[in-house]
Amino acid sequence: MFSKLFCLFLASSILLIKEAQSFLEGDFYEVPVWTWIGGAKTRNETSVFNGDETLPQNEEYPGARAGSAIWSDGKGDVWMFGGEGFDVTEAKNQADPSLPFFPANGDATYLLNSLWKFDALKRTWRAIHKSGNYSDIPTARHHATACGIRNKFLLIYGGLGYNFQAYSDLWMFDFQDSLWKRIDFAQRNSSFPEARGDPSSWCTGEELWIFGGLRGNSEVLSDFWVLSLTSLTWSQLNVTVDMVERDQTVSISHKSGAATWTVDGKYLYMFGGNVMQNYQHYRHLAKGLTSDLWQYSTESGLWSFVTGFTETRHPGEYGILGQMSSLNNPGCREHGASWVDNDGNLWLFGGEGTATKTIGFYTLTHLLADLWMFDVSAGMWTWMGGFNTEDPDVFYGIKGKQDVSISPGPRCESVVWYFNYTAYLFGGLGHDHNDNDGWLNDLWIMNMMNSSSDSLLFLGTEEMPLSPVKAFLMTLGIIVGVSILFVFATWGKKCCNLPRHKPSAKSPAGFDVKYSPLSDDTEFTIMSTPMKDIPSF
Ligand SMILES: *[C@@H]1O[C@H](CO)[C@@H](O)[C@H](O)[C@H]1NC(C)=O
Ligand SMILES: *[C@@H]1O[C@H](CO)[C@@H](O)[C@H](O)[C@H]1NC(C)=O
């Protein structure tokens with residue numbers, strides 16, 4: 001009891017010292033605050049559909065899913081297609097039991113092809129159509145790529161189907177007649193990229209750019225293509241790395257699952273992802289994960305290495321919360337959520353990889369819940385919130401209520417969009433409020449408006465004004481912290497690791513997707529390794 005108290009006391013003193021220190025060093029940011037605004041805090045929820053036209057639209061809500069394709073038109077209409085998870089309850093029973101992802105307990109995750117629309121002005125969801133085996137809509141898949149032109153159409157390219165069948169098809173959802181149309185490249189006598197899922201992708205207005213991705217469940221690609229949204233033709237681009245500006249020894253690699261950002265419609269960025277061949281999506285192995293940041297200029301046509309580590313399995317360097325530093329770098333990861341704010345900063349939340357732990361070749365990835373910002377002009381990363389530990393606990397708080405202690409739980413394969421100074425984070429594969437692994441359908445927002453309110457993001461390199469209360473607390477913190485450090489210098493070793501969240505040791509029975517203990521992987525493998533004799537979907 002006593003030691004716990006001292007631990008707490010020491011921890012808070014150290015935090016105060018850290019805060020004082022970062023103040024003295026200048027340049028730091030107020031960490032932004034999340035609010036949980038929709039969906040469930042439990043895993044595996046199914047969709048709420050509204051068959052009755054007289055009911056308010058806001059009663060519709062998508063079920064839990066991961067790896068969906070998302071496109072936001074920038075004016076408040078957001079389109080979400082497919083993914084893996086739960087849509088309608090009946091479809092659970094329709095899932096083919098011979099499929100490799102059908103768990104023995106009768107609960108099936110399955111691939112989706114439902115189309116959902118989020119209205120960012122009203123913050124409501126509407127189902128455009130459900131998932132199902134219909135010939136006139138794209139087949140069910142995850143890790144497809146979405147793009148579009150406002151008021152005209154949504155495009156869905158490629159993705160991975162059952163048995164990791166990769167698709168190369170391009171579908172257009174026409175907003176005028178609300179119908180899907182398949183673009184036939186053979187008929188157009190046009191070349192097109194080979195089938196893939198999970199490439200890096202960028203929408204720059206009238207172009208969709210893709211780099212690499214997965215050819216099925218094994219091979220990782222490194223080709224680079226651009227689709228003109230006006231002529232609907234693909235062209236392949238050379239991958240040329242600018243050797244003048246940057247380290248000449250670093251080269252761009254095959255990649256899947258990287259985080260991507262588009263800045264000013266002309267700079268394409270990608271971070272991390274998997275670079276290793278023989279990739280197995282459902283194994284969640286850390287072996288091929290990197291933490292390198294790359295930039296492509298659509299004007300010069302050159303790639304350049306920005307910062308980070310191209311070698312695999314590099315743990316993160318968090319530095320001090322809210323303080324920018326050239327030493328900071330997120331840990332290696334794939335399937336993080338990424339968005340760009342109004343000032344052109346790159347944001348990254350979570351993913352699967354490692355925070356600070358050194359991880360082995362065959363170690364399972366950990367789920368992350370850390371928030372990062374990369375300032376493009378300064379060329380540096382800042383740890384902006386969330387946890388610098390692997391698999392931290394999640395705290396949802398009260399729906400709709402903003403609270404500094406709230407953070408979305410650790411997750412990967414979420415979707416994110418940005419509208420009106422607000423980042424929206426939806427679902428993914430992660431830990432629910434009971435710390436169980438599963439598919440999620442929670443919706444989170446983070447207000448990123450530059451505002452005087454101290455709960456909001458402070459952007460700029462000027463020093464924060466030091467309030468008298470803060471100054472007093474810092475001084476007190478330093479005095480108390482130093483004296484306690486002095487007294488407990490010999491005792492405090494364990495204590496000083498400052499575990500913000502204890503690692504979860506629970507190991508529920510069943511077929512949960514496990515991230516932490518390697519021993520559970522055997523069970524997981526049985527369910528997830530595609531069996532040879534299964535006819536492809
Ligand atoms: C959640 O979904 C996964 C995947 O189907 C399944 O293994 C797990 O048992 C489900 N858990 C619950 C509580 O439904
Ligand atoms: C953007 O958010 C602000 C503040 O919440 C609100 O007043 C404004 O109406 C919003 N604008 C749009 C286009 O939704």
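Order of appearance sets the numbers: ligands from 1, and atoms from 1 within every ligand.
With a 6.0 Å cutoff to the six-membered ring centre and a 45° limit on the axis angle, K130 counts as a cation-pi contact of F49. Under the 6.0 Å distance and 45° angle rule, R141 counts as a cation-pi partner of Y167.
A 6.0 Å sphere centred on NZ of K152 holds no more than 12 heavy atoms belonging to other residues, nucleotides or ligands.
Checked against ring-ring contact (aromatic ring centres under 6.0 Å, His included), F419 has no partners two or more places apart in sequence or in another chain.
Enumerated by chain and number, the residues approaching ligand 2 to less than 4.0 Å through a heavy atom are L121, N420.
Within the 6.0 Å centre-distance limit, the rings of F224 and Y296 are counted as a close aromatic pair.
A salt bridge links K181 to D174: one of the charged nitrogens lies within less than 4.0 Å of a carboxylate oxygen.
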